[in-house]
Amino acid sequence: MYNSKIVGMGHYVPDNIVTNDDLSQLMDTNDEWIQERTGIKQRRWAVKGDGNTTFSMGLKAAEQAIKNADIDKQDIDFIVFATLSPDYYFPGPGVQIQEALGIGTVGALDVRNQCSGFVYGISVADQFIKTGMYKNVLVIGSELQSRGIDISTRGRSISVIFGDGAGAAVLSREEDPSKGILSTHLHSEGVHALELAAEAPGMGKRWVTDIIADNDPEDMSYRPYMNGQFVFKNAIRRFSEVINQGLEANGLQVSDIDMLVPHQANLRIAQFIQKKFQLRDDQVFNNIQNYGNTTAASIPIALSEACAQGKVKDGDTVVLAAFGSGFTWGSVVIKW
Ligand code: ACO
């Protein structure tokens with residue numbers, strides 16, 4: 001048995017900055033409401049024609065991660081791509097990455113676990129490396145959400161929260177069992193699937209032809225829906241549980257955490273967790289203020305920034321934790 005270790009991180013966000021004041025020109029909202037409820041000051045939204053897609057942003061993040069990992073891209077054995085906003089209904093963007101990197105016919109797996117997608121992806125990569133099947137796995141989280149949300153007042157409770165961007169990690173084989181990814185824990189609770197969801201287009205209820213045939217301007221079935229307060233309550237409960245589960249599995253205490261990188265769902269959720277675990281400001285990394293909630297991309301963007309800013313050092317105990325649509329949630333405990 002081997003361990004896996006994150007050897008390189010990268011991220012990319014579109015150039016276009018959308019501030020809360022910009023949003024108040026599009027819908028009935030204001031900077032005070034958004035900051036008070038979510039902590040978000042601005043987000044990046046791709047502009048039509050700027051060339052950004054979920055795949056292309058993921059590729060840029062991946063290229064940076066490969067460069068930072070200082071490995072030859074030909075040594076990548078497997079690709080995992082997490083997103084809820086793929087370029088195509090199918091196939092998923094993993095194969096686009098395989099083609100663009102020109103790395104031979106390595107396997108490419110697409111993960112559909114929304115805000116928990118990156119944590120699920122890391123867990124998959126870790127298992128493949130632990131068993132010895134692969135040596136180097138590329139894990140990407142990327143989202144282009146701005147095209148799918150309703151930017152009128154009707155969609156304001158969702159649209160002010162979400163942003164576009166991508167992050168990526170290269171995981172490699174680590175022979176020292178005390179280093180690298182120490183544990184991953186994954187959970188789901190499908191009874192709450194529709195509390196945070198986009199039901200259409202899908203083969204279940206409404207396919208694209210149904211939406212076109214109905215031509216109903218009030219149709220919100222293809223817009224994301226979120227029962228905000230219910231999500232909030234579940235998020236703080238599950239974040240706490242799964243962080244504790246990861247710590248206990250490794251015989252660690254909360255005081256052992258050097259850096260917690262929570263999914264950037266909402267600054268208020270991260271602050272609640274910080275307070276509950278009595279963590280100092282320098283033990284929690286947040287950047288939702290600048291990027292909004294980028295779903296599967298949020299943890300890798302945050303971890304990439306934390307690394308670039310020297311906030312994650314060799315030997316640190318780093319904890320990643322996510323909660324999102326499904327509901328799904330999970331944690332990763334890392335000895336950096
Ligand atoms: N600007 C101004 N007013 C708004 C906006 C907006 N963007 N959005 C909603 N409002 C109004 C509502 O219409 C409502 O008005 P009313 O009282 O006249 O009916 C009022 O503000 C309060 O709305 P609520 O939805 O009750 O606001 P709440 O305090 O619950 O905050 C929020 C909403 C921020 C979404 C909150 O529920 C929350 O943080 N939920 C957690 C979910 C989350 O963070 N999800 C992130 C994505 S999921 C994930 O990543 C896990």
Side-chain angles (χ1 to χ4, degrees), residues 18-43 45 82-85 112-120 141-143 145-146 148-165 167 186-190 192-198 220 223-243 261-274 286-289 291-302 320-331:
V18 179
T19 64
N20 295 342
D21 287 339
D22 293 335
L23 290 184
S24 67
Q25 309 294 313
L26 300 169
M27 62 186 85
D28 181 10
T29 191
N30 57 76
D31 179 54
E32 194 190 347
W33 192 97
I34 299 171
Q35 283 212 50
E36 197 182 292
R37 301 291 217 289
T38 71
I40 299 166
K41 296 180 180 188
Q42 58 183 46
R43 72 286 294 141
W45 279 0
T83 187
L84 62 67
S85 51
R112 293 284 311 267
N113 287 87
Q114 298 67 247
C115 301
S116 309
F118 187 76
V119 161
Y120 268 73
S142 179
E143 305 285 2
Q145 323 211 61
S146 53
I149 50 186
D150 179 352
I151 56 167
S152 71
T153 297
R154 189 174 58 174
R156 65 183 179 176
S157 59
I158 285 275
S159 52
V160 302
I161 295 174
F162 292 98
D164 301 337
L186 307 177
H187 297 276
S188 71
E189 193 176 25
H192 301 312
L194 297 185
E195 301 293 349
L196 177 50
M220 293 290 276
R223 303 292 195 188
Y225 164 78
M226 176 171 70
N227 181 348
Q229 287 173 15
F230 187 72
V231 171
F232 195 102
K233 282 183 202 137
N234 279 269
I236 54 178
R237 173 176 163 212
R238 298 308 192 181
F239 265 116
S240 306
E241 282 175 8
V242 83
I243 292 168
V261 182
H263 161 53
Q264 302 291 290
N266 181 323
L267 191 62
R268 306 300 159 228
I269 294 176
Q271 286 170 333
F272 185 95
I273 300 300
Q274 175 175 347
N286 288 307
N287 61 3
I288 190 170
Q289 302 90 326
Y291 302 121
N293 178 336
T294 57
T295 309
S298 94
I299 290 180
I301 294 174
L320 315 180
F323 174 88
S325 162
F327 293 148
T328 57
W329 63 100
S331 67

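First listed ligand is number 1; within each ligand, the first listed atom is number 1. In this text the structure is predicted, and so the values were computed from the model without any measurement.
Looking only at protein heavy atoms, the nearest one to atom 10 (N) of ligand 1 is Trp33 CZ2, 3.4 Å. Ranking protein heavy atoms by distance to atom 48 (S) of ligand 1, first place goes to Leu196 CD2, 3.4 Å. Looking from atom 47 (C) of ligand 1 to the surrounding protein, the closest heavy atom is Asn293 ND2, 3.1 Å. Of the protein's non-hydrogen atoms, the one nearest atom 39 (O) of ligand 1 is Asn266 ND2, 2.5 Å. Scanning the protein heavy atoms around atom 43 (C) of ligand 1, the nearest turns out to be Met226 SD, 3.9 Å. Among all non-hydrogen protein atoms, the one lying nearest atom 51 (C) of ligand 1 is Phe323 O, 3.1 Å. The protein heavy-atom contact nearest to atom 49 (C) of ligand 1 is Cys115 SG, 3.5 Å. The protein atom (non-hydrogen) at minimum distance from atom 26 (O) of ligand 1 is Gln229 NE2, 3.0 Å.
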Margin query: Under the criterion salt bridge (Lys or Arg N to Asp or Glu O under 4.0 Å), I'd like the reasoning laid out for Arg238 against Glu189: C-alpha separation, chi angles, the key distance, then a yes or no.
Written below: CA-CA 11 Å; Arg238 298 308 192 181; Glu189 193 176 25; 3.0 Å; yes
Check: Given the rule in the ring-ring contact (aromatic ring centres under 6.0 Å, His included) test, do His192 and Phe230 qualify, once you have shown the distances and angles that lead to the verdict?
Finding: CA-CA 10 Å; His192 301 312; Phe230 187 72; 4.9 Å; yes
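Between the Ser116 side chain and the Val119 main chain, no donor and acceptor come within less than 3.5 Å of each other. With Ser159 contributing its side chain and Gly155 its backbone, the two residues share a donor-acceptor pair below 3.5 Å. Between the side chain of Gln264 and the main chain of Pro262, a donor-acceptor pair closer than 3.5 Å is present. Of the possible polar contacts, one joining the Arg156 side chain to the Asp28 backbone as a donor-acceptor pair under 3.5 Å is found. Formation of a donor-acceptor pair under 3.5 Å by the Asp164 side chain with backbone atoms of Ser146 is found in this model. Although no hydrogens or angles enter the test, the distance criterion places no donor-acceptor pair under 3.5 Å between the side chain of Ser325 and the main chain of Ala197. The main-chain N or O of Glu32 is never found under 3.5 Å from a side-chain atom of Asn20 such that the two would form a donor-acceptor pair.
Neither the backbone nor the side chain of Ile34 comes within 4.0 Å of ligand 1, counting heavy atoms alone. With a 4.0 Å cut-off on non-hydrogen atoms, Thr295 does not touch ligand 1 at all.
Residue-ligand proximity, Ile269 to ligand 1, at heavy-atom distances under 4.0 Å covers atoms 44 (O). Within ligand 1, counting atoms from 1 as listed, the ones closer than 4.0 Å to a heavy atom of Phe162 are 47 (C). Atoms of ligand 1 found under 4.0 Å from any heavy atom of Gly324, numbered from 1 in the order shown, are 51 (C). Within ligand 1, the atoms closer than 4.0 Å to a non-hydrogen atom of Ser157 are 8 (N), 9 (C), numbered from 1 in the order shown. Counting atoms of ligand 1 from 1 in the listed order, those under 4.0 Å from a heavy atom of Val160 are 7 (N). Close approach to Ile161 involves these atoms of ligand 1, each under 4.0 Å from a residue heavy atom: 35 (C).
For atom 41 (C) of ligand 1, the nearest non-hydrogen atom from the set Gly155, Pro224, Ser116, Gly228 belongs to Gly228. When the heavy-atom distances from atom 34 (C) of ligand 1 to Met27, Arg37, His263 are ranked, the shortest goes to Arg37. If you check each of Arg154, Glu36, Gln264, Arg156 against atom 12 (C) of ligand 1, the one with the closest non-hydrogen atom is Arg156. For atom 7 (N) of ligand 1, the choice among Asp28, Leu267, Asn20, Thr29 with the nearest heavy atom turns out to be Thr29.
The local environment of CZ in Phe232 is crowded, with over 12 non-hydrogen atoms from other residues, nucleotides or ligands closer than 6.0 Å. Heavy-atom contacts from other residues, nucleotides or ligands closer than 6.0 Å to CZ of Arg223 number more than 12.
A donor-acceptor pair shorter than 3.5 Å can be found between the side chains of Glu143 and Ser85. With no hydrogens or angles considered, no side-chain donor-acceptor pair links Thr38 and Asn266 at under 3.5 Å. In this structure, a donor-acceptor pair under 3.5 Å is present between the side chains of Ser152 and Asp150.
Distances from atom 17 (O) of ligand 1 to the protein include no heavy-atom value under 4.0 Å. For atom 32 (C) of ligand 1, the protein comes within 4.0 Å by no heavy atom at all. Per-atom contact check: atom 45 (N) of ligand 1 touches the protein, criterion being a heavy-atom distance below 4.0 Å.
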